Amino acid sequence: MPLKLLVTVKRVEDPESRIRARPDGTGIVTDGVNYKMNPFDEIAVEEALRLKEKHGGEVVVASIGGAAAMVELRAALAMGADRGLLVRHDGALDPGVGSALLQALVAQERPDLVLLGKQAIDDDQNQTGQMLAARLGWPQATFASKKESLESEAEQKKQPGVVLAADGGRALVVREVDGGVETLDVALPAVVTVDLRLNKPRFASLPGIMKAKKKEVREIPAASLGVELAPAVVVRRLFDPPRRQAGVKVADVAELWTRLHAEAKVL
Amino acid sequence: MSNVLVVAEQSRGTLRKATLSALTAAREVARRTGGTVSALVLGSGAAAAAEELAAHGVAVRLADAPVLAHPLAEAHAPVVADAARVAGASWIVTAATAYGKDLLPRAAVALGAAVATEVLAVAGEGAEILLRRPMWAGNVIAEVELRGTVKAFSVRPTEFAPAARAPGGSVTPLPVSVDAASLRTRFVELQEVKSERPELTDARVVVAGGRGTRGDFGPLSGLADDLGAAVGASRAAVDAGWVPNDWQVGQTGKVVAPELYVAAGISGAIQHVAGMKGAKVIVAINKDADAPIFQIADYGLVADLFQAVPALRERLKAG
Ligand SMILES: Cc1cc2nc3c(=O)[nH]c(=O)nc-3n(C[C@H](O)[C@H](O)[C@H](O)COP(=O)(O)OP(=O)(O)OC[C@H]3O[C@@H](n4cnc5c(N)ncnc54)[C@H](O)[C@@H]3O)c2cc1C
Ligand SMILES: Nc1ncnc2c1ncn2[C@@H]1O[C@H](COP(=O)(O)O)[C@@H](O)[C@H]1O
């Protein structure tokens, strides 16, 4: 049974960039900051592509944001996704509103599985997938991972970590929890949010990048989806946390021990 | 008036300590808004955890039913919503553990509540509550307002002292109406990482290794055993499959605040630092004198960890 997979892709600040609050607290300093696809979403796209390669079907990628988010959608299309949806929304968004917009997309697209990152590394909310599952009344498997390591043979062979039952009606998802790894069996349609150890995302190939330019991306005004767009999580101000001061370099193990014992009194 | 409901976490009748940090945060909100604090314990055979929580002076409702045996968000979320209505709660608070993060946003939707995750502090003035939470891997702190009649947040356990024991608590049962047959999520198995060492998030000392260990955690494990410490790791070490996922410290792993954190063979990427910069004393052992970890370490030793760590163990034995 071919699968229809919906994957979310958020445009975020590059994790390598150094982020600071603006002195007036209204936002972050964006000079010199690069943007890219949320790293967790790259993993979600990769997983969807592997599932499609194994079972057949279609991978639709969706983003909510300004016109610039087209760059990240194209990046996902270059990896191999089939088509894109850009929900045009300028201005503040919170997981409540984001999940409501995604719910409207799900109503249009009727996917078997929605894959999201476990968190967007800008706001670090870790909520959108759980809220989407709740709104849809679907089962959720958050923090999807796998038992094999990223250096394993299964990973070399690009096996999907999410395993579908033969009838296509259920999925087994291994997830990272405190104290170990848990396996859940969820009936489809379902929502899965992905963690870092699920897979190593592929790089887009040059032909992939060329093809992506011709793939369809439909723009949908957020206001057309019948969702209340006012966020309920309102950022009032941003500030830099106190920075830790660098301490001293010790000459050798003997000095380290003395400092820890006599000065810091932790040993 | 705003009543506050704490959603507890337990496993096989043992209360997780992180819940007591959530209780502290809940009491701060209640003190400011003039409400009362109650708590909810969910599970099957969870009475002992409910009693333990009640011993901290809180009225506990115990939702005990076989359908709640496993921590499935699909099964637990409607019970949280029911309990919030019974308690007349306008705030729901839980710990930002894997369980709390999975459950709270799902429960919040049923209550129409906005959620703030990983809360570090309760700020604002008087009855106006603002919540401080990290963004961009903790490079920036946001002060957020939650709008609406019901609000929810998860607290970072290291930022709130666990509530102390106090009299006046109670346990009352909460009827559970979740129908097992309606659930579309099934628990298959939990593969636990068994360890004699203390829990990473509770340990007084954490010894952590990274890519610089080249997969040999032997010296670090030895040091951890000498110190009664937990072992942590960077993402690089976990991704390579050298150590369990559960050991990862950082933005997307565990957040720890021990008295002593020893980082060996870890470069100090911001995503790692996000999980350990709350440590009282940080020691870095790295053979690269320019590694960023030295910018935040209290004591830095430029050395090969395979020489330095065994030498430190010798020195410890000598006393
Ligand atoms: C979205 C996202 C989330 C992330 N989340 C996390 C997270 O939660 N936690 C986390 O840790 N990382 C996280 N990372 C990864 C992070 O950016 C770094 O890549 C990672 O922390 C690097 O691990 P490392 O320090 O072990 O490896 P490296 O950066 O490779 O550093 C290895 C260090 O070991 C030193 N070394 C080598 N040999 C020796 C020796 N014999 N003796 C002493 N020193 C030696 C080297 O000088 C070097 O400094 C995340 C990244 C992203 C993009
Ligand atoms: N504006 C957005 N556009 C597309 N996807 C999003 C957006 N916001 C959140 N998501 C998805 O939801 C996941 C979790 O985000 P969050 O709950 O904000 O941490 C992210 O990894 C994305 O996959």
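Residue numbers begin at 1 in each chain, while the letters A, B, ... track the order of the sequences. Fair warning: this is a prediction, and the values are worked out from it, not measured in the lab.
Side chain of A/D94 to backbone of A/V233: a donor-acceptor contact under 3.5 angstrom is found. Within the 3.5 Å criterion, the main-chain N or O of A/A141 finds no donor-acceptor partner in the side chain of A/R175. Without hydrogens or angle criteria, A/R50 side chain to A/Q159 main chain gives a donor-acceptor distance under 3.5 Å. Side-chain atoms of B/E192 do not come within 3.5 Å of backbone N or O of A/G180 as any donor-acceptor pair.
When heavy atoms are compared at a cutoff of 4.5 Å, B/D246 approaches chain A solely by way of its side chain, counted from C-beta outward. For a residue to count as touching a neighbouring chain, one of its non-hydrogen atoms must lie under 4.5 Å from one of that chain's; by this rule A/S99 does not touch chain B. Interface remark: B/K254 contributes side-chain atoms only to the contact with chain A (heavy atom separation under 4.5 Å). In this structure, chain B has heavy atoms under 4.5 Å from both the backbone and the side chain of A/I19. In this structure, the portion of A/R20 lying under 4.5 Å from any heavy atom of chain B is its backbone and not its side chain. With a threshold of 4.5 angstrom between heavy atoms, A/F143 approaches chain B through side-chain atoms but not through N, CA, C or O. Proximity to chain A is limited to the side chain of B/P71, based on heavy atoms less than 4.5 angstrom apart. Neither the backbone nor the side chain of B/V205 comes within less than 4.5 Å of any heavy atom in chain A. Using a 4.5 Å cut-off between heavy atoms, A/P95 does not touch chain B at all. With a threshold of 4.5 angstrom between heavy atoms, A/L184 approaches chain B through its backbone and through its side chain.
For chain A, the option among B/L146, B/D239, B/L200 with the highest count of heavy-atom pairs below 4.5 Å is B/D239. The choice from B/L190, B/V140, B/V193 that makes the most heavy-atom pairs within less than 4.5 Å of chain A is B/V140.
Side chains of A/T142 and B/K101 form no contact here, defined as non-hydrogen atoms less than 4.5 Å apart. Residues B/Y299 and A/V248 are in side-chain contact: their nearest non-hydrogen atoms beyond the backbone lie under 4.5 Å apart.
Scanning residues 112-123 of chain A against chain B with a 4.5 Å heavy-atom cutoff picks out A/K118, A/Q119, A/I121, A/D122, A/D123, ordered by number. Proximity to chain B at a heavy-atom threshold of 4.5 Å picks out A/I28 from residues 25-39 of chain A, in numerical order.
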Show your reasoning for whether side chain to side chain contact (heavy atoms under 4.5 Å, CB included) applies to A/K147 and A/T183. CA-CA 10 Å; A/K147 289 182 185 168; A/T183 308; 3.9 Å; yes
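Using a cut-off of 4.0 Å between Lys/Arg side-chain N and Asp/Glu carboxylate O, B/R204 and B/E259 are scored as salt-bridged.
In summary, of the residues considered (B/R16, B/Q10, B/H76), a side chain to side chain donor-acceptor pair (under 3.5 Å) with B/Y99 occurs for B/H76 alone.
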